[in-house]
S.K.: 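Encoded as structure tokens, here's the structure I'll be asking about.
Only this structure's heavy atoms are used, side chains among them; waters, hydrogens and symmetry mates stay out. Since the structure is predicted, the reported quantities are computational estimates derived from the model, not experimental observations. Residue numbers begin at 1 in each chain, while the letters A, B, ... track the order of the sequences.
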Protein chains: 2
Amino acid sequence: MTRRVTIADIAAAAGVSKGAVSYALNGRPGVSETTRAKILAIAAEMGFVPNRAARSLSVSSAQAVGIALRRSARTIGIEPYFMELISGIEATLSAGSYGLTLQIVGTVEEELEVYRRWWAERRVDGVLLCDIGTSDRRLDFIADLGLPAVAVGGPVEGARFPAVWHDDVEPCRAILEYLYTLGHRRVARVAGIPGLLHTAIRDQAYADMAAELDFASVTTVHSDYTGEQGAQITRRLLSSSKRPTAIVYDNDVMAVAGLGVAHELGLEIPEQLSVVAWDDSPLCRLTHPALTSLTRDIPAYGSNCAEVLLTLIGANRESGPPSAESRTFSVQCRPAQLSPRGSTGPVQS
Amino acid sequence: MTRRVTIADIAAAAGVSKGAVSYALNGRPGVSETTRAKILAIAAEMGFVPNRAARSLSVSSAQAVGIALRRSARTIGIEPYFMELISGIEATLSAGSYGLTLQIVGTVEEELEVYRRWWAERRVDGVLLCDIGTSDRRLDFIADLGLPAVAVGGPVEGARFPAVWHDDVEPCRAILEYLYTLGHRRVARVAGIPGLLHTAIRDQAYADMAAELDFASVTTVHSDYTGEQGAQITRRLLSSSKRPTAIVYDNDVMAVAGLGVAHELGLEIPEQLSVVAWDDSPLCRLTHPALTSLTRDIPAYGSNCAEVLLTLIGANRESGPPSAESRTFSVQCRPAQLSPRGSTGPVQS
DNA sequence: CCACAGCGCTTAACCGGATAAGTGACCCGA
DNA sequence: TCGGGTCACTTATCCGGTTAAGCGCTGTGG
């Protein structure tokens, strides 16, 4: 339990000044190669690790980024999406020796307050915004704050900072074309939360596609993404007089719940009902039959987001405020791919 | 984008010294109530928030705790446990205005390195250790480091720091008694990773209980907690000549997978097979039939752990090193309760 | 031969708070 | 009336890094 070693200790041991040690450790000019090598050797031997607070205070950078999740304690675990996303984010951050600060909040107000505090305290150098809404209060708030941020989702109209997103239109087309080919004409969709941007984009894509092909009906019911609502809506859909022959779910949890309801009602899958899930977590392969789903690489997505944020933060540091161009660029990732499995099949006449 | 407000700015505005402002803001004696009120008013008006790095440097506390998870990017999402745990931890931490720093690692070596760095950098004031093993290298390493820590799991023999845990023996008894009462005599258990402490504890509890009651067989097969292995083991169990009439799974993901396999093999649940899951995530209520499972309040558990860690850190700060007593106390939480649902029923003869 | 540049290092200021020590004004009791 | 204690505040130092400025020495070109 000896006292931690500081650059002053190294300076004393090497017989040079604090400044020289700092130059040597940071690989900047100002010391000879001989001295540098000696200092580095001593630092390594003494097990020197710079104090984060001291460095932050000097260079005014926290070497950390923040992420605030707005979910309840009970429901946050069930959605594999977040943990996979965080895992990807984390991989990129720790490669760049940045830390990740996580906070879970209940309301938008709390979330805004967290951002304000983080930035005022300089606890983070930037944040990642999840669950982008169609009209999102957070976007202007954060831009006004001057807090570097990246939207995890998009495209965001007139954004004042970058967004990283997947195209959702193409996968929607793929699903409907696939179901159409299998002979389905009555398709229902259990969508996510209406206020979310990607929900709105999918709504539009389905409507467009439905008009293009001659489906008898393509209905959309909005939900809160929970399994409970997924089950409830499925029960309602399946007990209506003209029930759909295929149901598409906006996440995997609801799809699993829907599958459960179908079993409960004694429906054979896929003979009497086809089921498609969005977001191919391992969950989709656990059920019987396995769920046909849209596969995205979520950890890679998280890594992309983190990478863009680090670039933005780097750009901020040098040469004053970043250019408008670099602040609003938009990165599009590979769209989700349809993975057909046992839960979908041709319509039985 | 004005420069951030410092105590020097407040001092200037209030016409006092930096020191007076610091005393006023921290509620310590040294300023009159009149002056204190004036300073607080000015600070509030100017939107003052103390710089975290500066404060940390002075008081040498990071106001943050760390948690390192050793899981792969792909599998970490599927287990609702972690996110629920983190959510509970976070609730307590942010109530005490502590931050949570998260890192995902691949190996124990990496994990140890992360702890070493965090502590050397003073990026965290303490850590939470998950997935405690039967002989866990991390325990001594961290104790030697002097890094305050709490084990999330236990009881830990000869621990040099506190552990927070559930009794697992009682729930094991409850499951086996329940299944025995329903007439089951051949019970299989798909257990978790053998090296983990709670797996070993459950192994022992099942063995003891099996000897106590006259089961025909109580077999245990170890797994890696993934759905894939859960399915594979279930398939093997169910196609053996003397197949079990009930299977108990050490987590919910494997139970769901097992249910899928049973469906696949055309077994009626619970008529031909009873299924019990450990850890009652919402997942257990999504399947059909719903899974009988052991309910624990994971977010509350996380909160408990965080609370103990904060106490430990607080104890550290005042009066030098904490007493041996406070360092090794062990908090036991309410054991898991059996929630019978549709997946279990009496044996059909 | 000298002005000047460049190297290699030291010095000292600075980041933004916390805090021990110091100071002057005031009050109180002997 | 004066010593001593308390109050209210200021001053100065520290935490552990970074970094601009300074300074002596050497080499070099005009």
S.K.: May I have the distance from B/Arg52 (atom CZ) to C/dG17 (atom P), rounded to whole angstrom?
M.R.: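 Rounded to whole Å, this separation is 11 Å.
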S.K.: Take the C1' atoms of the five end pairs on each side of the helix from C/dC1-D/dG30 to C/dA30-D/dT1, get both axes, and report the angle to 10 degrees.
M.R.: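 Axis angle across the helix from C/dC1-D/dG30 to C/dA30-D/dT1, nearest 10°: 60°.
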S.K.: Within the side chain of B/Asp144, is there an N or O that forms a donor-acceptor pair under 3.5 Å with the backbone of B/Phe141?
M.R.: no
S.K.: In the 5'-to-3' direction, what one-character label does each nucleotide of nucleotides 15-27 of chain D receive under the scheme B = base within less than 4.0 Å of a protein heavy atom, S = sugar-phosphate only, - = no such atom?
M.R.: BBBBBB-------
S.K.: With heavy-atom distances below 4.5 Å as the criterion, would you say the side chains of B/Ile10 and B/Met46 are in contact?
M.R.: yes
S.K.: Within the structure shown, what part of the strands sits under 4.0 Å from A/Thr35 by heavy-atom distance: base, sugar-phosphate, or nothing?
M.R.: sugar-phosphate
S.K.: To the nearest 0.5 Å, what is the distance between CG (A/Asp9) and CD1 (A/Ile7)?
M.R.: 9.5 Å
S.K.: Is A/Arg4 reaching over with its side chain to a backbone N or O of B/Ala120, donor-acceptor style, under 3.5 angstrom?
M.R.: yes
S.K.: Distance under 6.0 Å and angle within 45° of the ring axis: does A/Arg123 meet both against A/Trp119?
M.R.: no
S.K.: Pick out which of B/Ile132, B/Leu85, B/Leu309 makes a side-chain contact (heavy atoms from CB on, under 4.5 Å) with B/Val152.
M.R.: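 By the side-chain contact (heavy atoms from CB on, under 4.5 Å) criterion, B/Val152 pairs with just one of B/Ile132, B/Leu85, B/Leu309: B/Leu85.
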S.K.: Whole angstroms only, please: what is the CZ-P distance between A/Arg36 and C/dG8?
M.R.: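 So the two atoms are 10 Å apart, to the nearest Å.
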S.K.: Please state how far atom CZ in B/Arg122 lies from atom P in C/dG17, giving the value in whole angstrom units.
M.R.: 22 Å
S.K.: How is B/Val16 classified with respect to the nucleic acid when contacts are heavy atoms under 4.0 Å: base, sugar-phosphate, or nothing?
M.R.: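 Sugar-phosphate: the residue B/Val16, judged by heavy atoms under 4.0 Å, touches backbone atoms but no base.
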S.K.: Within less than 4.0 Å of OP1 or OP2 of C/dG17, is there a side-chain N or O belonging to B/Ser56?
M.R.: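 False: B/Ser56 side-chain N/O out of range (4.0 Å or more) of C/dG17 OP1/OP2.
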S.K.: Donor-acceptor check, side chain of A/Arg52 to backbone of B/Trp118, threshold 3.5 angstrom: yes or no?
M.R.: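 Flag not set: sc A/Arg52 to bb B/Trp118 has no pair under 3.5 Å.
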S.K.: Let me see the working for A/Arg70 and A/Glu110 under salt bridge (Lys or Arg N to Asp or Glu O under 4.0 Å), right down to the final yes or no.
M.R.: CA-CA 9 Å; A/Arg70 196 167 68 242; A/Glu110 268 177 62; over 6 Å; no
